[in-house]
2 protein chains.
Amino acid sequence: MARRSSEVTMGDIARMANVSESTVSRALSGSTLVAEKTRDRILEIARNADFAINEQARNLALRQTRTIEVIFPIERGTLQQVSDPFFVDMLAVLTDELGKHGYDVLMSRSPPWDEERPGCAFLGARADGVIFVGQGRHRSAIRDFARRHASVVAWGAVSADDDYCVIGSDNVGGGRLATEHMLKLGRKRIAFLGDTDLPEMRQRFEGYKQVLASYDIPLDEDLVIHTPFDIEKAREVTKPFVELFPRYDGIFACSDMIAMAAIANLRQAGIAVPDDVSVVGFDDIPSSAHVSPPITTVHQRIRHGGKVMVEKLIGILGGEAQEPEILKTELIIRQSCGARVATPS
Amino acid sequence: MARRSSEVTMGDIARMANVSESTVSRALSGSTLVAEKTRDRILEIARNADFAINEQARNLALRQTRTIEVIFPIERGTLQQVSDPFFVDMLAVLTDELGKHGYDVLMSRSPPWDEERPGCAFLGARADGVIFVGQGRHRSAIRDFARRHASVVAWGAVSADDDYCVIGSDNVGGGRLATEHMLKLGRKRIAFLGDTDLPEMRQRFEGYKQVLASYDIPLDEDLVIHTPFDIEKAREVTKPFVELFPRYDGIFACSDMIAMAAIANLRQAGIAVPDDVSVVGFDDIPSSAHVSPPITTVHQRIRHGGKVMVEKLIGILGGEAQEPEILKTELIIRQSCGARVATPS
DNA sequence: TTGTAGGCGTTATCAA
DNA sequence: TTGATAACGCCTACAA
């Protein structure tokens with residue numbers, strides 16, 4: 001139903017045009033060192049022959065790849081996790097921004113060191129640089145990788161001892177915003193839903209704890225629920241949690257998807273959001289504004305973050321050192337935490 | 001903060017080990033034509049030197065790319081469109097499946113012919129094959145591309161006159177399922193929300209019309225609303241539409257995101273779903289089961305579809321012709337269309 | 001078991 | 001303005 005292309009090379013075109021390969025190369029690259037007539041003739045021939053340049057060879061000669069590897073270090077099998085709109089948005093931004101700079105995007109779901117060949121530190125210098133979208137549980141591996149190999153930029157939890165360039169949201173601040181918002185609304189017992197094994201979530205948890213402490217509220221371990229990202233699993237995990245009501249009157253969910261799962265369970269149990277329980281999410285994914293109730297959430301500047309990562313990486317490729325950057329987060333107040341505030345009439 | 005890798009080549013390793021380049025090559029590729037001692041010594045040296053093989057050169061020599069280009073032909077600027085979980089799920093599946101076959105994934109958001117170089121039919125044979133995730137408004141361009149160049153597989157509306165391998169859902173059937181479900185529940189005036197410029201949506205619209213016809217219900221053009229995918233825009237577009245109530249008592253939305261947007265507007269206008277209006281979506285995205293009300297929708301077998309596309313493409317690369325395939329759709333009944341049915345007690 | 005030589009398709013340098 | 005020629009880094013006969 002479809003055939004391989006005919007693999008015409010510059011040599012073939014050269015032969016057809018009765019010129020040398022170099023002339024063909026010049027004509028195709030728009031060099032001024034070719035007579036206009038010659039160029040036009042060559043282009044015509046190339047077009048008719050369905051010539052497609054071999055980028056591998058070209059890049060080899062030019063000593064470049066013009067490719068950036070974008071890695072989503074996500075456990076295999078947990079497909080749903082990627083469905084989190086966060087990843088898509090990020091991927092779309094990265095693809096666009098890298099494209100503007102002339103780079104292609106090589107997608108990976110596993111870090112390069114998973115694919116070792118004997119003797120190769122890692123499989124293939126197939127990209128000029130690498131962007132990790134999330135560091136997951138691989139921080140030290142990434143650090144090691146960055147030290148030895150390609151230019152690296154990562155999205156995730158920024159910390160003082162990073163020795164590669166990390167860009168990420170102010171998760172601690174975001175956690176504070178979310179928690180404090182509910183306390184100010186008069187909520188007293190705020191639960192935390194998220195996976196504190198992940199550095200970013202741990203930072204959000206940190207912000208949560210800070211605010212509790214500043215309000216002299218002791219941390220209730222029973223209200224800290226280890227909740228995965230995947231909405232199905234989050235739904236399962238939060239089902240028994242819902243029964244703890246009324247031990248809590250507020251929920252800080254580490255992502256909007258988790259917030260949705262929790263709200264679904266609460267509703268099913270006849271617990272009203274926000275009347276009985278306030279909920280704040282994290283991410284500000286597109287649909288969070290359009291569900292019922294619209295979710296109050298901590299906005300992450302994903303678009304901006306993607307742009308910054310690309311800029312930094314380009315900088316690094318150009319030989320400049322780049323500083324990490326922490327992006328401000330912002331509380332988007334909707335209706336899931338307290339009608340008193342959200343629906344002034 | 002990160003340096004380029006030192007670009008050690010096989011030649012360097014060879015020199016360090018006092019052997020020829022070919023021996024290094026053999027050692028690294030696990031050939032049996034190397035003495036074990038030699039190999040171990042070479043591997044040791046390579047590892048210490050942080051050697052990373054240059055895949056470009058390797059692939060050039062092997063006359064392969066081991067790369068598949070995955071194209072999401074989505075208009076630039078409409079970032080949100082990609083956020084549709086459909087795309088992410090598909091991308092994740094494709095990445096996994098292609099990975100199993102040893103292929104890397106090159107992401108693109110624009111078709112190759114957008115990046116013409118003078119004289120090149122398209123920029124670069126940078127992949128062994130191409131997967132189009134959605135054909136958008138580019139059908140004839142894709143057809144042309146497929147005829148002349150790489151091995152192509154596409155996701156989208158399957159039609160009899162395709163001359164390349166298209167995989168897609170039974171959209172007509174899905175449209176029928178959705179529409180008929182509401183009619184059977186006693187709804188009489190079903191609205192259609194979607195972008196009929198896109199072939200897949202047109203097929204769903206086709207199914208919708210077929211059912212109306214079989215029920216002797218005339219098509220009411222005012223109830224056919226040209227609605228974009230992006231949830232924000234869908235929300236805007238459906239706002240005035242909501243005011244047409246009660247001219248309709250059912251809505252067939254071409255995607256779950258559109259359904260969500262419509263439901264949000266209905267609720268805001270005080271119109272109850274499903275009591276006043278039934279809503280059926282399309283896609284069965286993960287969150288559709290966890291919003292309120294849970295959305296009745298037409299399930300697309302995305303995972304399966306992705307696998308099939310990869311299998312077909314691999315087949316084509318192996319020289320076998322491949323047939324197009326239409327994937328069954330299934331109605332997932334939840335609560336957005338009629339409590340009578342969805343909540344038996 | 002190892003080395004030599006030629007080639008993969010392109011670009012760049014140097015002559016002509 | 002054009003054409004040899006030598007890279008680019010790796011692979012693979014063929015020879016030793």
Side-chain angles (χ1 to χ4, degrees), chain A residues 4-42 46 49-67 117-120 123-128, chain B residues 4-43 46 49-67 117-121 123-128:
Chain A
R4 298 292 304 267
S5 74
S6 31
E7 311 295 3
V8 195
T9 73
M10 282 196 183
D12 300 328
I13 306 294
R15 227 162 295 126
M16 299 185 209
N18 270 316
V19 294
S20 75
E21 230 171 286
S22 355
T23 304
V24 175
S25 172
R26 291 189 192 106
L28 258 54
S29 65
S31 160
T32 53
L33 298 92
V34 210
E36 202 165 330
K37 284 175 202 166
T38 324
R39 173 174 50 238
D40 292 346
R41 192 162 49 90
I42 294 177
D50 274 347
F51 170 78
I53 204 170
N54 182 324
E55 293 219 14
Q56 292 196 116
R58 175 164 202 266
N59 285 332
L60 178 59
L62 291 174
R63 250 145 284 158
Q64 58 171 21
T65 70
R66 292 264 97 188
T67 296
R117 308 176 86 208
C120 286
L123 178 69
R126 52 190 179 182
D128 295 338
Chain B
R4 296 292 302 269
S5 75
S6 31
E7 310 296 3
V8 195
T9 73
M10 281 196 183
D12 299 329
I13 305 294
R15 229 161 293 126
M16 299 186 208
N18 270 316
V19 293
S20 76
E21 221 174 292
S22 14
T23 304
V24 175
S25 171
R26 291 189 192 106
L28 257 54
S29 65
S31 161
T32 53
L33 298 92
V34 210
E36 202 163 330
K37 285 174 201 167
T38 324
R39 175 177 44 241
D40 291 345
R41 192 161 50 89
I42 293 176
L43 293 191
D50 274 347
F51 170 77
I53 203 171
N54 182 324
E55 292 220 15
Q56 289 197 119
R58 176 165 202 266
N59 285 332
L60 179 59
L62 291 174
R63 249 147 278 149
Q64 59 171 19
T65 69
R66 291 265 99 188
T67 297
R117 307 176 85 206
C120 286
L123 178 69
R126 52 191 180 181
D128 295 338

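Worth knowing before you read on, the calculation uses all heavy atoms, side chains too, and leaves out hydrogens, waters and symmetry mates. In the text below, chain A, chain B and the rest are named by the order of the sequence lines, each starting its count at 1.
- One can place CZ of Arg66(A) at 16 Å from C1' of dT11(C), the figure rounded to the nearest angstrom.
- In this structure, the CG atom of Leu28(B) is 16 Å from the C1' atom of dT12(D), given to the nearest Å.
- With rounding to the nearest 0.5 angstrom, the CG atom of Leu33(A) is 10.5 Å from the CZ atom of Arg39(A).
- With sequence neighbours left out, the side-chain hydrogen bond (donor to acceptor under 3.5 Å, both in side chains) criterion links Arg66(B) to Tyr103(B).
- Taking only side-chain nitrogens and oxygens, Thr38(A) comes nearer than 4.0 Å to OP1 or OP2 of dT2(D).
- At dC11(D), one or more side-chain N or O atoms of Ser25(B) fall inside 4.0 Å of OP1 or OP2 (strictly under the cut-off).
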inquiry  = Using side-chain contact (heavy atoms from CB on, under 4.5 Å), reason through Ile53(B) and Met10(B) one step at a time and then give a plain yes or no.
reply    = CA-CA 8 Å; Ile53(B) 203 171; Met10(B) 281 196 183; 3.8 Å; yes
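- The overall bend of the helix from dT1(C)-dA16(D) to dA16(C)-dT1(D), read as the angle between its terminal helix axes built from five base pairs each, is 40° when rounded to 10 degrees.
- Nucleic acid contact for Leu33(B): base, since at least one base atom lies under 4.0 Å from a heavy atom of the residue.
- Atom CZ in Arg41(B) sits roughly 12 Å away from atom C1' in dT2(C) (whole-Å rounding).
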Thr65(A) and Asp128(A): CA distance, side-chain angles, deciding distance, side chain to side chain donor-acceptor pair (under 3.5 Å) verdict = CA-CA 6 Å; Thr65(A) 70; Asp128(A) 295 338; 2.8 Å; yes
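- Map Val19(B) and Thr9(A) each onto its nearest nucleotide of DNA chain C; the residue landing nearer the 5' end is Val19(B).
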Atom pairs, protein N/O to nucleotides 13-16 of chain C N/O, distance under 3.5 Å:
residue	atom	partner	partner atom	Å
dT13(C)	O4	Arg26(A)	NH2	3.3

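- Taking only side-chain nitrogens and oxygens, Arg63(A) never comes nearer than 4.0 Å to OP1 or OP2 of dC8(D).
- Computed from coordinates, the Glu21(B) CD to dG9(D) C1' distance equals 7 Å when rounded to whole Å.
- Between the CG atom of Leu62(A) and the P atom of dA12(C) there is a distance of 5 Å, rounded to whole Å.
- We find the CZ-OG1 distance between Arg41(A) and Thr38(A) to be 6.0 Å, quoted to the nearest 0.5 Å.
- Residues passing the side-chain hydrogen bond (donor to acceptor under 3.5 Å, both in side chains) test with Ser31(A), sequence neighbours excluded: none.
- For Ser20(A) and dA4(D), the shortest distance from a side-chain N or O to OP1 or OP2 is not below 4.0 Å.
- Rounded to whole Å, the distance from CG on Leu60(B) to C1' on dC10(D) is 8 Å.
- Not counting sequence neighbours, the partners of Ser22(A) by the side-chain hydrogen bond (donor to acceptor under 3.5 Å, both in side chains) test are Ser20(A).
- Identified under the salt bridge (charged side-chain N to carboxylate O under 4.0 Å, His left out) test for residues 12-30 of chain B, with sequence neighbours left out: Asp12(B)-Arg15(B).
- Going from atom OG1 of Thr23(A) over to atom CG of Leu28(A) covers 11.5 Å, rounded to the nearest 0.5 Å.
- For the pair Ile42(B) CD1 and dG3(C) C1', the interatomic distance rounds to 12 Å; values are reported in whole Å.
- Look at CE on Met10(A): it is 14 Å from C1' on dC8(C), rounded to the nearest Å.
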